[in-house]
Amino acid sequence: MTEMPKTYDFASVEERLYQWWEENGWFKPETRPPDAQPFVISIPPPNVTGELHQGHAMFVSLEDLMIRRARMQGRAALWVPGTDHAGIATQLQVEKMLLRTEEVTREEIGREEFIRRTWQWKEKYGNYITQQLRRMGASCDWDRERFTMDEGLSRAVREAFVRLYRLGLIYQGEYLVNWSPGLQTAVSDLEVEYNEEPGYLYYFNYPLQEGGHIPVATTRPETILGDTAVAVHPEDERYAHLIGQTALVPILRREIPVIGDTYVDRAFGTGALKITPGHDPNDFEIGRRHHLPIVNVMTKKATMSEAAGPYAGLDRFVCRERLWADMQAAGLTIRVVDYTLNVPRSQRGGEVVEPLVSRQWFVNTEPMAKLALAAVHSGRIRIIPDRFVKVWDNWLQNIRPWCISRQLWWGHRIPVWYCAACGHKTVPLADPTTCEACGSPHIEQDPDVLDTWFSSALWPFSTLGWPDQTPDLARFYPTDVMETGYDILFFWVARMVMAAGLFTNDIPFHTVYLHGLVRDGDGQKMSKSAGNVVDPLKVMDEYGTDALRFTLLTGSTPGNDMNLALPKVANNRNFANKLWNVARFIVNNLDKAASTAIRNTQYALRPTPADQWILARLDEVITTANRLFDTYQFGEAGRQVHDFFWADFADWYVELAKVQLAQAGATAYTTLSVLRYVLDQCLRLLHPYMPFVTEETWQQLKRAFQSAAVGIAPAGGWPDALIIADWPAAGLTAAERETYAPAAVAFERLRELVRAIRATRAEQGVEAGRSIPAILVAGETAAFLETQRPILAFLARLDEKALVITGQATTPDKALTISLGDVICYLPLAGLMDVEKEKARLSKELADLDRQIERLTTLLAGDFTQKAPPAVVEREREKLSRLQASQAQVSGRLAEIS
RNA sequence: GGGCGCUUAGCUCAGUUGGUUAGAGCGCUUCGUUUACACCGAAGAAGUCGGGGGUUCGAGUCCCUCAGCGCCCACCA
């Protein structure tokens with residue numbers, strides 16, 4: 001027998017239990033019965049070289065919660081773990097490392113070597129993040145761990161690309177894309193963020209060849225050099241007559257047409273628009289409509305190109321100033337006004353993204369988007385919270401081609417080989433040696449890699465073996481829940497649903513649960529620059545994993561951001577300690593019982609009113625918690641159990657159990673059984689939230705129970721571990737519920753009485769330790785209270801020998817009066833009582849009662865009785881009658897002492 | 001321009017079929033080590049549930065409207 005220490009020491013528990021669970025194979029669906037219904041979650045793969053942050057902590061907590069509950073419900077729970085190669089992020093990290101440690105750039109060591117070094121880096125640091133997920137208690141099946149660039153997943157990527165290509169859904173073309181000059185790669189629309197920043201709107205005159213000019217405004221003068229038209233609205237009286245004339249690009253004096261297009265907003269700026277198809281998405285569209293040439297005045301480094309004439313080689317922003325100065329000298333400028341710009345910046349790195357025409361690969365996502373829309377509309381996929389359905393629809397209905405090529409080295413190489421001889425593109429499943437069209441061996445693979453999200457889109461099925469029809473794929477796909485942050489709804493969730501529809505002809509999961517962002521305690525976004533990052537590892541070091549998990553789980557609601565405040569975590573650490581200490585009390589008593597007469601005695605269970613009350617409450621809580629779990633209200637479910645455990649079980653039942661245990665025999669036996677049962681059920685309910693403290697505590701309970709052999713064992717016996725124990729279901733029979741109900745109600749009354757006595761004592765300054773006499777005039781309740789005499793005395797600190805419980809009305813002289821419906825309690829405090837003060841107190845109480853009676857009388861005289869449900873009306877009527885009883889007592893008492 | 005969320009006690013937040021006198025934790029006040037726990041217990045103070053209007057017997061909860069804060073999508077030079 002090991003003595004339980006006074007304080008729960010999470011540090012000595014967590015790692016040991018995690019290893020024990022894993023060694024026993026409990027994270028694997030195979031250790032459940034073979035016919036068990038699967039429950040599957042694919043992990044949102046963290047960046048392979050990333051470090052644990054609160055976003056990870058949040059998803060681990062939520063997903064592990066679902067997985068653990070499903071496992072306890074007897075399902076074959078499978079949580080598939082893995083990591084993402086994270087193209088840009090990882091490449092940048094390795095580049096930085098090479099520069100720092102060896103002072104070499106990736107260009108210097110070459111592509112092949114760079115990739116080799118990146119793999120090395122991945123092998124070295126790749127398990128940091130998964131170790132940290134373990135630390136959170138994640139019960140993933142690590143034997144099934146995957147990596148987006150492992151062999152199997154690479155094959156899935158190849159398969160997907162080739163199929164899309166053959167369906168004509170992947171194509172290559174010269175389009176205006178978001179170009180990141182620093183990263184030297186294209187990025188997708190989703191990877192661009194727009195920020196409002198102060199800037200200028202430049203007004204100037206566009207000279208016409210025939211003489212005269214058109215005034216034009218722009219925010220980016222440097223793009224003037226790439227203009228290929230000036231557009232006006234065809235119905236604009238000011239300018240319509242100029243359509244068809246020729247304008248001259250300032251400084252360069254290149255000839256461009258004046259065109260008419262209804263896109264032009266006559267009210268904005270000067271009402272005339274310069275058109276730069278090479279550097280603006282709208283102009284690109286207009287250019288296509290009018291078959292305008294594209295002049296690219298910038299290089300991929302965002303410096304000016306040869307087409308910029310005298311400005312070639314200048315940085316884009318330097319060119320802006322230089323050109324404007326030259327135009328000013330030429331008398332073309334009008335004025336410059338302050339203007340708020342919406343500047344596109346790269347999500348990674350923050351540099352200004354340049355719209356640039358380049359040759360890229362795209363996916364035509366429209367057909368797949370239709371599948372994704374239908375999946376949600378048909379109800380086959382449910383999004384929680386459902387307001388995100390609107391966001392989903394909006395994005396998918398207006399979906400645009402997805403730019404999937406990246407000019408990076410780290411990632412899945414685009415599986416297209418160009419033939420030097422005939423120009424044919426070979427797009428095969430296996431690497432080719434010759435052109436499939438002409439057989440030439442002179443073929444070269446496309447240098448680009450795929451957007452990281454391309455492989456992520458396949459994740460739920462690629463991790464289970466797709467494209468092969470593996471046993472795992474057959475058994476575990478489609479998965480059940482996709483739990484992730486709402487910020488990657490488009491990046492990831494939508495694309496998975498699209499890909500699954502096309503490649504597996506199925507939905508990838510039936511439920512999407514979206515969590516919010518974790519902010520700091522003051523609601524600020526956590527960031528290194530703000531210095532307010534709450535490191536989950538440090539939090540776990542200080543407060544324990546369970547405290548962090550419980551805080552994240554009960555402090556958040558689906559789709560809403562949460563603030564993580566350390567005092568909350570501390571409080572939940574205290575909760576873990578509370579669990580521990582309640583268990584400690586029960587374990588101690590079981591151990592004590594092992595050497596008493598009740599050992600091995602098979603008493604019949606004889607639940608007292610208090611037992612019946614706590615059992616009925618527990619049943620209620622189990623029912624409520626299960627309803628909340630089933631509707632994905634995990635936070636509320638956790639709070640309900642927390643409140644029940646602390647406020648009902650620990651504060652009341654455990655206290656009064658001390659009295660019942662002292663009574664020995666059947667009462668003590670029953671009390672021990674009830675204590676064990678309620679604790680056991682609570683540990684089960686809380687295990688998905690706080691896996692460590694519940695398991696450790698439960699093992700103690702099991703050990704003590706088995707060695708004491710006192711009380712009733714769990715219905716299903718004692719399984720090896722809580723992690724695989726049965727999930728609680730409401731256990732009372734209808735008959736029991738009916739029998740327990742009156743006792744439960746009576747006990748609630750007793751609780752009120754105790755509270756009232758305590759409050760009065762405190763108010764009157766009676767020393768907390770002093771036992772005082774009391775007279776309870778209780779009418780019909782007297783008999784019940786008589787049975788609860790020791791509990792009442794113990795909880796309210798009454799002198800049991802001087803406690804009078806009677807059905808007869810008596811009126812002591814100098815006594816404080818507490819009135820609760822049909823029960824009146826006198827505390828004869830002869831020496832202490834101040835009659836005037838007591839009169840004032842009773843008068844105040846009477847006024848209070850009058851006010852409430854008034855309110856209820858009015859309520860019950862109106863339409864309420866006809867229109868409200870009978871049960872609600874009945875409840876109000878009962879309340880009124882209790883208030884009236886109290887009123888009579890208080891006013892009577894007031895008359896007596898006056 | 002379109003859409004969404006939030007606004008409840010000093011602070012951080014719960015409150016999902018509308019139904020007691022609106023809850024918790026922290027903080028604050030007073031008391032207390034009685035056979036688990038001071039990472040504790042008992043008692044208490046503290047809220048016109050953002051403003052206004054409406055539906056209803058009844059609204060923190062549903063509808064309309066206004067205001068403040070925040071987010072997403074689109075990207076008019």
Side-chain angles (χ1 to χ4, degrees), chain A residues 4 6-8 189 194 201-202 216-220 223 231 263-265 267-276 280-283 339 342 344 385 387-388 390-391 394-395 398 486-487 489-490 516-517 521-523 543 547 554-557 559-565 567-568 570-589 592 628 631 633 635-636 639 642-643 646-647 650-651 654-655 658 661-662 755 758-763 765-769 771 794 797 848 851-852 855-856 859 862-869 871-873 875-876 879:
Chain A
M4 289 175 76
K6 264 174 100 162
T7 305
Y8 170 60
D189 297 336
Y194 290 85
L201 186 58
Y202 300 80
V216 170
T218 181
T219 54
R220 305 179 58 205
T223 65
Y263 169 81
V264 180
D265 178 357
F268 189 88
T270 63
L273 178 60
K274 62 185 240 16
I275 305 297
T276 323
D280 181 279
N282 293 305
D283 292 6
Y339 190 71
N342 225 349
R387 62 185 148 87
F388 281 98
K390 220 166 179 170
V391 183
N394 193 274
W395 191 71
N398 300 298
Y486 63 74
D487 52 331
L489 185 64
F490 307 140
L517 258 58
D522 299 317
Y543 301 104
T554 55
S556 65
T557 44
N560 293 327
D561 297 348
M562 82 164 287
N563 299 348
L564 180 66
K568 276 193 223 174
N571 201 249
N572 290 323
R573 179 225 26 213
N574 297 354
F575 179 50
N577 194 238
K578 192 74 182 178
L579 281 176
W580 179 258
N581 271 290
V582 168
R584 187 162 173 257
F585 172 78
I586 297 170
V587 164
N588 288 346
N589 276 286
K592 257 188 267 173
L628 292 167
T631 51
Q633 298 176 72
E636 188 59 20
R639 282 187 292 272
H642 169 278
D643 292 351
W646 203 316
D651 287 347
V654 169
E655 281 308 303
K658 291 170 185 171
L661 286 170
R755 283 209 184 97
R758 284 173 178 171
T760 309
R761 289 174 59 119
E763 210 174 283
V766 179
E767 302 93 281
S771 288
F794 178 74
R797 289 248 120 195
D848 218 52
R851 197 159 35 80
Q852 288 183 58
R855 190 182 63 82
L856 280 178
L859 181 68
D863 289 347
F864 175 73
T865 47
Q866 268 80 53
K867 305 215 173 170
V872 175
V873 177
R875 210 184 319 155
E876 298 303 314
K879 201 192 312 166

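The chains referred to below are lettered A, B, ... by the order of the sequence lines, with proteins before strands, and numbering in each begins at 1. Note that the coordinates shown come from a computational prediction; the quantities given were computed from them, not determined experimentally.
OP1 and OP2 of B/G25 both lie 4.0 Å or more from every side-chain N or O belonging to A/W646.
The shortest distance between side-chain heavy atoms of A/T554 and A/F575 does not fall below 4.5 Å. Contact of the A/V873 side chain with the A/F864 side chain is registered, since non-hydrogen atoms from C-beta on lie closer than 4.5 Å. A/R584 is listed as a side-chain neighbour of A/K6, based on a closest heavy-atom distance under 4.5 Å. Using a 4.5 Å heavy-atom cutoff, the side chains of A/Y263 and A/L273 are in contact. At least one side-chain heavy atom of A/M4 sits under 4.5 Å from a side-chain heavy atom of A/V587.
For the pair A/K568 NZ and B/C39 C1', the computed distance is 18 Å after rounding to whole Å. Summarising the geometry, the separation between CZ on A/R755 and C1' on B/G44 is reported as 14 Å, rounded to the nearest angstrom. Regarding A/Y543, its OH atom lies at a distance of 18 Å from the P atom of B/G25, rounded to whole Å. Rounded to an integer number of Å, the gap from A/L628 CG to B/G15 C1' is 11 Å. Rounded to a whole Å, the CZ atom of A/R758 is 5 Å from the P atom of B/A43. Separating the CG atom of A/D487 from the C1' atom of B/G70 is a distance of 15 Å, rounded to the nearest angstrom. Atom pair A/F575:CZ and B/G41:P shows a separation of 12 Å (rounding to whole Å applied). Rounded to an integer number of Å, the gap from A/E763 CD to B/G44 C1' is 9 Å.
Remark on RNA chain B: of its neighbouring residues A/H642 and A/R875, the 5'-side contact belongs to A/R875, judged by nearest-heavy-atom nucleotide.
Judged by distance alone, with hydrogens and angles left aside, the side-chain atoms of A/N577 form no donor-acceptor pair with the main-chain N or O of A/R573 at under 3.5 Å. A donor-acceptor pair under 3.5 Å is absent between the side-chain atoms of A/N394 and the main chain of A/K390, judged by distance alone. The closest donor-acceptor contact from the side chain of A/N560 to the backbone of A/G516 lies at 3.5 Å or more, if one exists at all.
Comparing the C1' positions of B/G70 and B/A77 gives a spacing of 29 Å, expressed to the nearest Å. Spacing of P atoms, B/U29 relative to B/A45, comes out at 16 Å, to the nearest Å. Comparing the same atom, P, in B/A59 and in B/G50 gives a spacing of 15 Å after rounding to whole Å. On the P atoms, B/G23 is 14 Å away from B/A9, given to the nearest whole Å. Using atom C1' as the reference point in both B/U30 and B/C49, the two lie 29 Å apart (nearest Å). With C1' as the reference atom, B/C39 and B/C71 are 37 Å apart, rounded to whole Å. When the P atom is used for both B/C63 and B/G1, the distance is 25 Å, rounded to whole Å. For B/U8 and B/A14, the C1' atoms lie 10 Å apart once the distance is rounded to whole Å.
Contacts of A/Y339 classified as side-chain hydrogen bond (donor to acceptor under 3.5 Å, both in side chains), with partners at least two apart in sequence or in another chain: none. Evaluation of the salt bridge (charged side-chain N to carboxylate O under 4.0 Å, His left out) rule for A/D189 yields A/R400 as partners, not counting sequence neighbours.
The two residues A/T270 and A/A217 make their nearest non-hydrogen contact at OG1-N, 4.0 Å. Contact record, A/T219 with A/Y202: O-CE1, 3.8 Å, taken as the closest heavy-atom pair. The heavy-atom pair separating A/D283 from A/K274 by the smallest distance is OD2-O, 3.3 Å. Contact between A/G559 and A/R387 at its shortest, heavy atoms only, is O-NH2, 3.4 Å.
To the nearest 0.5 Å, atoms OG1 (A/T223) and CG (A/D280) are separated by 7.5 Å.
Using a 4.0 Å heavy-atom distance criterion, A/R573 is classed as a base contact. Among the atoms of the strands shown, none is found under 4.0 Å from any heavy atom of A/D643. Counting non-hydrogen atoms under 4.0 angstrom, A/Q866 reaches nothing in the nucleic acid. Using a 4.0 Å heavy-atom criterion, one finds that A/T557 contacts the sugar-phosphate atoms exclusively.
Remark: the A/D561 side chain and the A/Y486 side chain contain an N/O donor-acceptor pair separated by less than 3.5 Å.
Each of B/U20, B/G5, B/A43 was ranked by its minimum atom distance to the side chain of A/R387; first place goes to B/G5.
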Sugar-phosphate atoms are those with a prime plus P, OP1 and OP2; base atoms are the rest. Using that split, label each nucleotide of nucleotides 71-77 of chain B B, S or - for protein heavy atoms under 4.0 Å, 5' to 3'. --SBBBB
For every nucleotide of nucleotides 57-64 of chain B, 5' to 3': is a protein heavy atom under 4.0 Å from its base (B), only from its sugar-phosphate (S), or from neither (-)? B-------
Within the sub-3.5 Å range, which N or O atoms of nucleotides 30-38 of chain B have a protein N or O partner, and how far apart are they?
residue: B/A36; atom: O3'; partner: A/R584; partner atom: NH1; Å: 3.1
residue: B/A36; atom: O2'; partner: A/N581; partner atom: OD1; Å: 2.4
residue: B/A36; atom: O2'; partner: A/R584; partner atom: NH1; Å: 3.0
residue: B/A36; atom: N7; partner: A/K658; partner atom: NZ; Å: 3.3
residue: B/A36; atom: N6; partner: A/A650; partner atom: O; Å: 3.4
residue: B/A36; atom: N6; partner: A/E655; partner atom: OE2; Å: 2.7
residue: B/C37; atom: O4'; partner: A/N581; partner atom: OD1; Å: 2.7
residue: B/C37; atom: O4'; partner: A/N581; partner atom: ND2; Å: 3.3
residue: B/C37; atom: O2'; partner: A/N577; partner atom: OD1; Å: 3.2
residue: B/C37; atom: O2; partner: A/K578; partner atom: NZ; Å: 2.8
residue: B/C37; atom: N3; partner: A/K578; partner atom: NZ; Å: 3.0

Secondary structure string for RNA chain B (Watson-Crick or G-U under 3.5 angstrom, | for other-strand pairs): (((((((..((((.....[...)))).(((((.......))))).....(((((..]....))))))))))))....
